[in-house]
Structures are given as C-alpha cells and as structure tokens.
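Not measured: the values here are computed from a predicted model.
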Amino acid sequence: MKDDSNSTTSSNTGRTEPIAQNIIKLISNLCFSVFVFSVLIFTVIAITYQPPDPWLQSTPALTNLFTQSQNATFRIDSSVIKTGEDLAPSPQDPPLPRPPSVAAVTEAVIEKTEQRILNSTANSTAPPLPSAADCDLTLNCSDPRVLIAVQRFNLRAFKSIAFFDYQPPVNGSSTGECDVAWRFRNKRERSWRKYRDFRRFKISVADDCRYKVVHAGGWHSGANARRNFTRSGVGRGGKTLPPRVSARDDEINDTIPTLGSESNFRSGKYLYYSRGGDYCKGMNHYLWSFLCGLGEAMYLDRTFVMDLSVCLASSYNPSNKDEEGKDFRYYFDFEHLKETASIVEEGEFLRDWKKWDKTHLKKKKIPVRKAVTHKVTPMQLKKDKSTIIWRQFDAPEPENYWYRVCEGEAAKYIQRPWHALWKSKRLMNIVTEISGRLDWDFDAVHVVRGEKAQNKELWPHLDYDTSPDALLEKLKGMVQPWRHLYVATNEPYYNYFDKLRSNYKVHLLDDYKEMWGNTSEWYNETTLLNNGKPVEFDGYMRVAVDTEVFYRGKTRVETFYNLTKDCKDGVNTC
C-alpha cells in the first residue's frame with residue numbers, strides 16, 4: 001500500500017510541474033512580446049516624428065515664426081537682445097580674431113613686478129629701502145610701488161573685472177593723491193574689447209614703508225590721468241596735417257574697406273543680395289536674415305556685399321513710423337565684422353562694378369550669375385565661377401525674405417556666424433560707464449511691460465505681477481535692502497518704480513541721459529559718422545544698453561522666470 005501511494009503522488013507531481021512551467025513560459029513570452037511591440041512602436045514614432053523646432057524645421061514652420069505677429073522676431077521678447085559677445089561660443093565658431101595682446105594684471109604679475117623692483121634695488125648703487133624707523137612719508141606718484149598698491153586695491157575691490165594696460169600714476173589735485181589710468185574688460189563679456197577708466201586715489205605710507213590706498217575715487221575721477229590720444233591726418237594734396245588731441249575711443253575703426261584696382265575687383269568673388277522684404281522689419285528679423293546672407297558668403301568663400309543702410313522698424317521709434325537711412329555702425333561693431341568676415345560696402349562695390357565693367361579695350365564684361373529665387377540653393381552655387389553671384393528678391397512676401405535661402409537642405413550647410421556680430425563699442429562704452437558709476441556692485445531686475453502687460457489674453461497676470469506693490473514684495477525675497485538696483489524695462493513712465501526707492505537705490509536708463517546728450521562722446525562721434533547731422537538715441541539703442549547693463553548685475557531678476565508665472569511667449573507656451 002505504501003509503495004502504491006508513493007507511486008500515485010509521484011505521478012501527480014509529474015503532471016503538475018509541466019503545467020506550472022508552461023504557465024510561467026506563457027507569461028514570459030507574452031511579456032516579451034509586449035516589450036518587443038512597444039519598442040517597435042517607439043522606433044517608428046522616433047523615425048517619423050519631426051519636432052516643431054522653428055530653426056530646424058521646414059519652410060512653413062520658419063515662415064510661420066516670422067510672419068505671426070507675436071513671433072515676428074528672432075527673439076520673441078524684443079526687450080532682450082543677445083549678440084555674439086553675450087553668447088557662449090559654439091564648436092563651429094573660430095577663435096576670436098584679436099586676442100588680448102597684453103595679459104591681464106593678476107596677483108602673480110604684481111608679485112613678479114615687486115621682485116623685479118627689489119632685485120633692481122639690490123643690484124644698484126642706490127641706498128637700500130628705508131626701515132620702518134626712517135620711512136620717507138612724502139608721496140611720490142612716479143614710484144612704481146604706488147602703481148602696485150593701486151593694482152592690488154583694484155583686484156580686491158573689483159573681482160568681476162580684468163585689468164590691462166596700466167599707465168604710470170600722475171599727481172592728483174591735492175597732496176597725497178595720485179591719478180591712475182588703465183584699460184579693463186568685464187569678465188562676463190566674451191570679447192577682446194577693452195574700455196577706459198581713470199580714477200583718483202588717496203595714498204598713504206604704512207609702517208613698513210609700503211604704499212597703501214586709503215580712499216578711491218569714483219568712475220573717471222582721475223582727470224589728470226585721462227589719456228588724450230594724439231592723431232594725425234592727411235590733408236588735400238597728400239599734405240600731412242599736424243597732430244591733434246582727441247578724446248575719442250582709439251579702438252573704434254569704422255572705416256569702409258576699399259577694393260582698390262580693377263585687377264583686384266576682377267580677381268575677387270562676391271555675393272550680392274539685393275534689398276528684400278526684410279527691410280523695415282524688426283531688428284532681430286533683420287539680423288536673422290543678414291546672418292543667413294553672411295553665412296552663405298562664408299560657405300561659398302566669397303566677399304559679402306553689405307548695405308550699411310538699416311531701416312529701423314516703427315516699434316523702436318517714438319513716432320511709430322519706420323525710419324530709413326540708419327547706419328549699421330550705430331548699432332553694431334563694424335570693425336569686428338571686418339575682422340571676422342570678408343565684406344565690402346554696397347555703395348563702394350556698385351561704383352567699382354560700374355567703373356570696371358567695360359566692354360571696350362578688349363576687356364571682357366564681368367561675369368555675373370543671377371539667382372532670381374531663393375530656391376536656387378547655396379549648394380548649386382558652390383562651384384560657380386562667376387565674379388558676382390547676384391541674389392534678387394523681387395517676389396512678394398514672405399518669398400522675398402533673405403532667410404529663405406538658408407531653409408530646408410541649406411540649413412545643413414549654412415552656419416549663421418553669430419560670433420561675427422557684436423554690439424557697437426560706442427553703445428558698450430555707455431554700458432561700461434553706467435556699470436562703472438555703480439562700481440560694478442549692483443543688482444538688476446528686468447521688468448517687461450508695454451504691449452504684453454496690456455494683452456490679458458496671452459499674459460493674464462503680467463500687469464499685476466509687475467505692478468509696483470507686487471514688484472516690491474517679490475524683490476524683498478531676492479535682493480538685499482539698500483542695494484543699488486538697476487531696472488531694465490520698457491515701461492515708459494519714469495516714476496512707475498518710485499515705490500522701490502523705499503528699499504533700494506533705484507537706477508533707470510534715463511538717469512544717465514547725459515551719456516548720449518549733445519555734449520557726450522557718443523553724440524559727437526555718431527554725428528561725425530552721420531556727416532555732421534545729430535543721431536537720435538532710438539528705442540533699439542535703449543534696449544541694447546538696458547540689456548547689457550542688466551547682464552552685469554550681480555543678482556539678476558527676470559520677469560518670466562522670477563516675477564510672474566505667465567509664460568514668456570503667451571498662454572500654454574511654457
């Protein structure tokens with residue numbers, strides 16, 4: 001009986017195990033099938049799905065970006081503008097064309113200078129440096145140790161600044177004062193450009209006979225150290241004119257390059273864009289198109305023929321009208337553009353073309369390839385041997401936008417050279433002076449109002465969230481009381497931010513009107529550039545300066561990231 005029972009149990013177990021194993025296998029196979037099916041679906045979606053990125057999309061997507069009223073510019077928030085010196089360089093960008101020729105002054109550099117002075121004293125027949133008991137307390141500004149004291153003070157006081165090109169100190173206006181000049185650059189600026197400052201320092205002699213700074217004057221306080229640059233010129237008939245003193249910025253070179261001889265013109269290769277529908281559009285639309293043309297010229301290894309005349313859109317003008325005849329050089333750094341790209345000014349080019357395009361004297365007519373539609377791609381023109389490739393934009397909008405050339409397949413070949421576009425150094429000098437007057441120690445808030453604050457459908461909370469009371473409450477949690485607070489804004493009413501003055505030292509762009517007034521360096525230089533006619537400090541210039549000062553704040557408060565929950569581009573776009 002026992003054997004039979006065991007036999008029966010063994011038989012039941014044998015039948016149970018295959019059933020359990022089969023169920024497990026069935027579940028495993030089913031799960032695996034679901035996994036494979038899911039992977040297959042995901043793969044198909046990944047292959048076929050096109051993300052709605054306007055910069056990588058097809059013609060309709062990019063056209064829609066520029067033709068919709070709320071998306072008419074490269075940066076939808078037109079109160080914030082970034083150019084090449086603000087942007088991190090991409091891997092495709094070449095290195096900066098003019099790296100600083102002189103290294104920045106650091107503590108290591110100062111120590112080397114100090115050691116050199118000690119070695120020079122030890123090797124000379126001059127008496128040794130005095131001891132603490134017999135220090136000469138008379139200040140000698142030409143003593144190199146005075147400059148060392150100033151350099152060390154600046155490194156401690158202005159940590160966000162890189163210093164270059166110190167000039168020997170000179171006597172101030174009173175005993176115990178020295179005026180010192182130098183060049184500098186904010187460490188946040190990604191450019192080689194340098195700016196001027198000259199300050200007055202109260203110097204004393206310490207117990208160990210070292211000089212030390214006991215007081216430093218403010219921005220441009222060291223008038224005796226201001227450098228007046230000597231310039232000479234050539235008059236009529238090639239006669240050399242005597243040198244004249246000028247306070248102009250010697251790092252600005254707005255001269256227009258010339259093509260020279262007929263052989264130079266005929267041996268060159270040019271890309272010429274006639275005026276299209278981009279003219280009088282928003283500035284960021286203009287830049288998006290301009291950099292497309294410049295990028296194509298670089299791809300084709302040609303000189304870009306550039307129209308320096310800019311039409312400023314009505315949105316930047318108090319008259320609310322488009323204004324033609326603005327000069328590109330008012331807004332952007334023409335010198336840097338010349339150094340990073342091969343360009344020729346349109347007027348110069350057309351005069352030379354007309355002059356040298358002769359059919360007599362056995363000279364051939366200059367070869368010209370016309371491209372009458374943007375559908376002629378850069379790739380098709382790559383091997384063209386014509387001296388001039390002339391792109392014409394006569395179709396109706398939006399077919400006559402320059403940026404259409406860089407759409408579709410061309411986007412894989414044309415890289416817009418953002419690194420070539422910097423803001424005008426004249427405007428940046430104003431930015432630097434505002435920041436310098438605040439001793440580079442300020443916080444900043446960017447307050448977007450204007451049309452967006454009025455449009456309650458797209459930005460339902462913006463008007464309230466940027467009201468004076470709401471601003472004050474928000475800023476209390478982000479900015480320490482009684483800090484210098486720079487307000488970058490498109491709010492036209494100057495007293496709108498008065499409530500903030502109960503907690504902060506508030507600064508607005510209009511507090512610095514004298515920097516572009518009729519006695520300013522900016523006014524004089526732009527008037528000279530405009531053939532003696534005064535230039536208006538227009539809305540785009542205000543935006544550019546406001547934005548750059550904002551970037552230099554130690555604490556920066558943004559409208560759409562810190563002040564309001566509304567989306568930057570309108571409802572449901574976050």
If you measure from [atom1] on [X] to [atom2] on [Y], what distance do you get to the nearest 0.5 Å?
X	Y	atom1	atom2	result
Trp353	Leu259	CH2	CG	12.5 Å
Leu294	Leu271	CG	CG	9.5 Å
Glu189	Ser160	CD	OG	12.0 Å
Cys292	Gln415	SG	CD	11.5 Å
Asp566	Cys574	CG	SG	8.0 Å
Ile389	Gln380	CD1	CD	11.0 Å

### Message
Quiz question: by atom type and distance under 3.5 Å, do the side chains of Asn186 and Tyr551 form a donor-acceptor pair?
### Response
no
### Message
Looking only at side-chain N and O atoms, does Glu407 offer a donor or acceptor that is under 3.5 Å from a partner on Tyr403?
### Response
no
### Task
For Phe550 and His446, run ring-ring contact (aromatic ring centres under 6.0 Å, His included): C-alpha distance rounded to whole Å, both residues' side-chain angles, the deciding distance at 0.1 Å, then the answer.
CA-CA 7 Å; Phe550 171 77; His446 177 219; 5.7 Å; yes
Any donor-acceptor pair under 3.5 Å linking the side chain of [X] with the backbone of [Y]?
X	Y	value
Ser520	Met515	yes
Lys452	Val448	no
Arg329	Leu529	no
Trp402	Ser274	yes
Glu491	Tyr493	yes

Test: salt bridge (charged side-chain N to carboxylate O under 4.0 Å, His left out). Region: [range]. Which pairs qualify, not counting sequence neighbours?
range	value
residues 454-466	Arg449-Asp463, Lys456-Asp463
residues 534-545	Lys326-Asp538, Asp510-Arg542
residues 297-314	Arg275-Asp307

### Message
Less than 4.0 angstrom from a charged side-chain N to a carboxylate O is my criterion; do Glu262 and Lys355 meet it?
### Response
no
### Message
What I want to find out is whether Arg196 reaches Glu433 closely enough, with some N-O distance under 4.0 Å, to be called a salt bridge.
### Response
no
Going by side-chain hydrogen bond (donor to acceptor under 3.5 Å, both in side chains), name the residues that satisfy it together with [X], two or more places apart in sequence or in a different chain.
X	answer
Asp278	His285, Ser289
Tyr299	none
Ser261	Ser263, Asn264
Tyr523	none

### Task
Could you please spell out the steps behind the side-chain contact (heavy atoms from CB on, under 4.5 Å) verdict for Thr377 and Tyr413?
CA-CA 10 Å; Thr377 68; Tyr413 297 89; over 6 Å; no
Would you say that more than 12 heavy atoms from the other residues, nucleotides or ligands in this model lie under 6.0 Å from the [atom1] of [X], or not?
X	atom1	result
Lys382	NZ	yes
Tyr464	OH	no
Lys187	NZ	yes

For [X], salt bridge (Lys or Arg N to Asp or Glu O under 4.0 Å) partners two or more places apart:
X	result
Glu514	Arg437
Arg391	Glu296
Asp322	none

### Query
So is Lys425 actually on top of Tyr195's ring, under 6.0 Å and inside 45° of the axis?
yes
### Query
Within 45 degrees of the axis of the six-membered ring of Phe164 and under 6.0 Å from its centre: does Lys194 put its NZ or CZ there?
yes
Please examine the side chains of [Y] and [X], heavy atoms only from C-beta on, and report whether any two atoms are closer than 4.5 Å.
X	Y	value
Glu324	Tyr279	yes
Ile366	Ile388	yes
Asp254	Arg426	yes

### Message
If you apply the rule side-chain contact (heavy atoms from CB on, under 4.5 Å), what do you find for Leu509 with Val545, and how did you get there?
### Response
CA-CA 8 Å; Leu509 182 60; Val545 172; 3.7 Å; yes
#### Entry: Trace of the salt bridge (Lys or Arg N to Asp or Glu O under 4.0 Å) decision for Glu335 with Lys338
CA-CA 5 Å; Glu335 179 180 12; Lys338 290 186 295 184; over 6 Å; no
#### Entry: Any pair counted as disulfide (SG to SG under 2.5 Å), so long as it reaches residues 298-353, sequence neighbours left out
Cys280-Cys311
### Mutual orientation of the aromatic rings belonging to Phe332 and Phe328 [parallel < 30°, tilted 30-60°, perpendicular > 60°]
tilted
### Query
Phe393 and Tyr401: ring-ring contact (aromatic ring centres under 6.0 Å, His included), yes or no, with the steps?
CA-CA 7 Å; Phe393 297 87; Tyr401 291 163; 9.7 Å; no
### Task
Tell me, please, which residues at least two apart from Tyr272 pass ring-ring contact (aromatic ring centres under 6.0 Å, His included).
Phe349, Trp390
### Worked check of side-chain contact (heavy atoms from CB on, under 4.5 Å) between Tyr330 and Met541
CA-CA 8 Å; Tyr330 298 163; Met541 297 171 185; 3.7 Å; yes
### Task
Using the salt bridge (Lys or Arg N to Asp or Glu O under 4.0 Å) rule, take Asp357 and Lys365 through it: C-alpha gap first, then chi angles, then the decisive distance, then the call.
CA-CA 6 Å; Asp357 192 21; Lys365 201 170 181 67; 3.3 Å; yes
### Candidate pair Asn317 and Ser319, rule side chain to side chain donor-acceptor pair (under 3.5 Å), full reasoning
CA-CA 5 Å; Asn317 291 314; Ser319 63; 5.1 Å; no
### Task
Test salt bridge (Lys or Arg N to Asp or Glu O under 4.0 Å) on Asp443 and Lys554 and set out the steps.
CA-CA 5 Å; Asp443 301 320; Lys554 289 190 173 179; over 6 Å; no
### Query
Centroid-to-centroid, Trp440 to Phe184, below 6.0 Å?
yes
### Message
As a quick check of understanding, evaluate side-chain contact (heavy atoms from CB on, under 4.5 Å) for Lys533 and Asn530, giving each step before the final call.
### Response
CA-CA 5 Å; Lys533 299 176 182 178; Asn530 197 33; 3.4 Å; yes
